[in-house]
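To keep things clear, I will list the structure first and then write my remarks on it.
In this text, all values refer to a predicted model and were calculated from it rather than measured experimentally.
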Amino acid sequence: MQSELLKMAEGFSLVASALTAIAKDNDSGSKGQQTVEKVPEPVKGKAQAGVAKDNGSQVNIEDIRAVLAEKSQDGKSKEVKALLNQYGVAKLSAVEEKEYPGLLQKAKAL
């Protein structure tokens, strides 16, 4: 019973994190206007945190979080949780950076 409660709490944590990211995105843009996505500037001499490279493209954990939040809002919370379970984790922050491109692709396909 306790492990089920922990799984539920982790699921709520994922949803809360995703909703926070969406709220931050909405606060940065004006209502009724399209927002332009900011492109992060390259960090020289240091590895950029939370970014995996795949054939020259970059996938950021925030990009994945936004897609998963959207899917959760669309009523696909169980599918989001199952997707994370495929990677052997209960929350997005536990996914290895090298897995980001594949996870993003699968998240978009939900």
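Here the straight-line distance linking atom NZ of Lys106 with atom CG of Leu104 works out to 12.0 Å at 0.5 Å rounding. With rounding to the nearest 0.5 angstrom, the CG atom of Leu92 is 4.0 Å from the CD1 atom of Ile61. Taking CZ from Arg65 and OG from Ser93, the interatomic distance works out to 7.0 Å, rounded to the nearest 0.5 Å. One finds the CD1 atom of Ile64 at 9.5 Å from the CG atom of Leu83 (value rounded to the nearest 0.5 Å). Note: Asn60 CG to Tyr100 OH = 8.0 Å, rounded to the nearest 0.5 Å. With values rounded to the nearest 0.5 angstrom, Lys71 atom NZ is found 10.0 Å from Lys108 atom NZ.
A pairwise comparison of heavy atoms in Val89 and Asn85 identifies O-OD1, 3.4 Å as the closest pair. Closest heavy-atom contact between Val80 and Ser72: CG2-OG, 3.8 Å.
Glu70 meets the side chain to side chain contact (heavy atoms under 4.5 Å, CB included) test with Asp74; sequence neighbours excluded. Shown here are the side chain to side chain contact (heavy atoms under 4.5 Å, CB included) partners of Gln73, two or more places apart in sequence or in another chain: Leu19, Ile22.
By the neighbour-count criterion of 12 heavy atoms within 6.0 Å, atom CD of Gln86 is densely surrounded, having more than that number from other residues, nucleotides or ligands.
Identified under the salt bridge (Lys or Arg N to Asp or Glu O under 4.0 Å) test for residues 79-89, with sequence neighbours left out: none.
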